[in-house]
Visitor: 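Have a look at this one before I ask anything.
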Amino acid sequence: MGLRIINRRPGRGGALFWGALPFLAVLALYLTFSAMRLAENPNDKLLPALSTIAETVVRLAFTPDQRTGQVLLWVDTAASLARLAWGLAVSAALGLVIGIASGLVPYLRAGLSPFVAVVSLIPPMALLPILFISFGLDELSKVVLIVIGIAPFLIRDLAMRVEAIPPELVIKAQTLGASTWQIITRLVLPTMLPKLIDALRLSLGPAWLFLISAEAIAAQDGLGYRIFLVRRYLAMDVILPYVAWITLMAFLMDWGLRALNRRTSPWLTRGMA
Amino acid sequence: MSTVRVRNLWKQYGDQVVLEHINLDIPSGEFCALVGPSGCGKTTFLRLLLAMEQPTRGTITIDGKPLPGEPRPDRGVVFQRYSVFPHLTVEENIVLGLEFARAPLTGRLYGAKKRRALEEVAETIERVGLSPSRTKYPGELSGGMQQRLSIAQALVRKPRILLMDEPFGALDPGTKAQMYVLVRELWRAERMTVFMVTHDLKEGFSLATRVLAFDKVRHDPQAPEAYGATVKFNIPLDDKAERAEIVSKLPALAATENEEGATRGRPWARLFDFAGTTRRKRRESHERTSV
């Protein structure tokens, strides 16, 4: 009798193989169709050969642009990451402060939570014109879009998690003489930091979405700006590596945040708690 | 000193009366075990003493002063679960009470002050046998060690009253026996008044100096929520021989309780009728001999 399929587990090498399989399949599919199209028309732009993409990457990442004298990929990356970092930082700060305040203090919860709930339901993209009108077309409006997009989620998530702290712990802290402020600094903040980082990881997708959208509509640089600029020339050899680059950075951020969590909160992984 | 006086205490949630008509005078330094069938309001009474909740009617005073409206360091607490802070090591958990008292702004001591505070609590850590685990997180400790940590943590602020809600409910028998010795020791050393909720009668009768049995005295079959529980029996156990007699009879009574199934209230009533009778008989025989 063989084992049930739910009880059969791949080994280390097996897991690596099964994990790589979908990536390799997509790559093979691309190469096949690209070769087919290029055989029909050597000037086809939709599915460029890997060699063409490689040439473009060298031009974008290592050669100064003829017109501006800047290396485009790095200029775009720096501009996008700066906006993203500002948006994430401001959102995280808002999430932490408002989330803890509204989760812990009943009066603030009564005042804030309906408002935040309603704000979180406004589609951020619908506000973009207002942001462009009121904050101008440069950096601020893009950062504000990211903040409007993800801060309400972070606030609500944090508030819910603060409310879910076992009341026994809050009572115990009070019987040890803690003031509200001390409860925040010694109990709530340290136990909520890993939850905030987890929520931030989940927000990375939406944050990139709002960033690319804002850059696509009005910007002079940035990854989203470039993709939408070269779209007019059907420059798939630029778009594809840019998308891969964005994905790689998003993946590294997610991985970095998870590593940060394990480093800053060792108690999460030690023992059963 | 911490004399607890309860006058005409009622607690209800909406239409459901949980506790009714409770009157108690507990002298300072008493070790009270709160027993009774589940859902009879023992824990609610403990929460009222803690000021986690407010009574619907009636008053609780400590040394004549009304209970403040929120938990304070004069009343320590040990819960059955979630009793220690998971993100702090054993040492940090215990020193926390001193840090709250000495660092109002940050709640955290540094350098020489931190070292001094750690020296102060070293004895407490030693007394509950956690010195070898000083730098471990609660998640790495066994259930018994977590409860010892919780007790040590509560004792750091030198509470006059210690409240425990089924503190040993989740522990194995061997660990329980160790905990009893520890708790008796600490209670004597600190001269606290202790209130301990337990569903284990033997635990109650062997540890406490007074057993408070909660149960309903009035029943309305049409409206089971109309009446709450009260302190049905208030049995001081200052006589050692008497305590021994009751504890020795407990297994037999517990056995009959199992045979008939745990009909709500009844086995308890029989048990305490028994305890009450023993008292009366002893008192009578005492009176006879003294005459």
Side-chain angles (χ1 to χ4, degrees), chain A residues 96-97 99-101 103-109 158 160-199 257-273, chain B residues 46-47 49-53 68 70-89 92-109 133 135-143 145-146 150 153-159 161-163 165:
Chain A
L96 205 59
V97 172
I100 287 178
L104 202 61
V105 184
Y107 269 97
L108 291 177
R109 183 184 316 154
L158 254 281
M160 269 160 63
R161 289 180 186 273
V162 170
E163 284 175 53
I165 292 176
E168 285 91 342
L169 291 182
V170 182
I171 296 287
K172 180 90 181 202
Q174 294 181 60
T175 65
L176 295 175
S179 63
T180 301
W181 175 245
Q182 287 173 327
I183 290 175
I184 292 173
T185 58
R186 294 304 311 270
L187 170 62
V188 180
L189 260 182
T191 50
M192 285 304 117
L193 209 57
K195 314 273 187 203
L196 175 73
I197 292 176
D198 276 341
L257 284 175
R258 204 178 60 178
L260 180 73
N261 232 353
R262 269 192 245 143
R263 251 189 104 79
T264 52
S265 308
W267 52 278
L268 278 177
T269 44
R270 282 224 242 158
M272 59 201 180
Chain B
L46 204 74
R47 292 157 79 97
L49 281 178
L50 196 57
M52 265 173 92
E53 290 181 37
E70 60 178 11
R72 293 269 170 87
D74 61 336
R75 281 156 293 142
V77 69
V78 175
F79 293 107
Q80 183 180 4
R81 295 173 65 224
Y82 302 119
S83 217
V84 290
F85 300 107
H87 62 293
L88 300 177
T89 62
E92 289 168 340
N93 258 295
I94 294 182
V95 87
L96 192 64
L98 296 182
E99 291 188 295
F100 283 150
R102 293 173 195 177
L105 211 57
T106 55
R108 199 186 280 273
L109 294 170
S133 318
T135 54
K136 285 190 175 166
Y137 288 98
E140 302 171 275
L141 303 179
S142 71
M145 288 160 97
Q146 289 191 22
S150 179
Q153 181 184 46
L155 292 183
V156 163
R157 289 302 296 264
K158 306 229 171 284
I161 298 177
L162 183 63
L163 305 161
D165 191 359

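Remember, predicted model here, so these are calculated numbers, not experimental data. Note on naming: letters A, B, ... go to the chains in the order of the sequence lines (proteins, then strands), and numbering restarts at 1 for each one.
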Visitor: Against chain A, label V156(B) side chain, backbone, both or neither, depending on which of its atoms sit under 4.5 Å from a heavy atom there.
Guide: neither

Visitor: Checking heavy atoms, do the side chain of A103(B), its backbone, both or neither come under 4.5 Å from chain A?
Guide: backbone

Visitor: If you count heavy-atom pairs under 4.5 Å between each of H87(B), R157(B), R72(B) and chain A, which one has the most?
Guide: H87(B)

Visitor: Should the pair E99(B)-R186(A) be classified as a salt bridge under the 4.0 Å nitrogen-to-oxygen rule?
Guide: yes

Visitor: So how far is it from M52(B) CE to Q174(A) CD, rounded to the nearest 0.5 Å?
Guide: 9.0 Å

Visitor: Chain A heavy atoms under 4.5 Å from T89(B): which part of the residue, side chain, backbone, both or neither?
Guide: neither

Visitor: Is the side chain of K172(A) donor-acceptor paired with the backbone N or O of V78(B) at a distance under 3.5 Å, no angle test?
Guide: no

Visitor: Which pair of non-hydrogen atoms, one from P73(B) and one from G177(A), has the smallest distance, and what is that distance?
Guide: CG-CA, 3.8 Å

Visitor: So which heavy atom on F85(B) is nearest to which on L176(A), and how close?
Guide: CE1-CD1, 4.1 Å

Visitor: Under the 3.5 angstrom rule, does the side chain of W181(A) hit a backbone N or O of L105(B) as a donor-acceptor pair?
Guide: yes

Visitor: Quick one: closest heavy-atom pair of T106(B) and T185(A), and the distance?
Guide: O-OG1, 3.3 Å

Visitor: For L88(B), is it the side chain, the backbone, both or neither that has a heavy atom under 4.5 Å from a heavy atom of chain A?
Guide: side chain

Visitor: Using a heavy-atom distance cut-off of less than 4.5 Å, which residues of residues 187-197 of chain A contact chain B?
Guide: L187(A), P190(A), T191(A)

Visitor: Measure distances from L98(B) to the heavy atoms of chain A and classify the residue's part below 4.5 Å as side chain, backbone, both or neither.
Guide: neither

Visitor: Let me know if F79(B) has heavy atoms under 4.5 Å from chain A in its side chain, its backbone, both or neither.
Guide: side chain

Visitor: For the OG atom of S83(B) and the CD atom of E168(A), what is their distance to the nearest 0.5 Å?
Guide: 8.0 Å

Visitor: Going by the rule side chain to side chain donor-acceptor pair (under 3.5 Å), which residues pair with R75(B) if we only count those two or more places apart in sequence or in a different chain?
Guide: none

Visitor: Sort F100(B) into side chain, backbone, both or neither according to what part of it lies under 4.5 angstrom from a heavy atom of chain A.
Guide: both

Visitor: Within this structure, what is the OG1-CG distance for the pair T175(A) and L162(B), rounded to the nearest 0.5 Å?
Guide: 9.5 Å

Visitor: Are more than 12 heavy atoms from other residues, nucleotides or ligands located less than 6.0 Å from atom CZ of R81(B)?
Guide: no

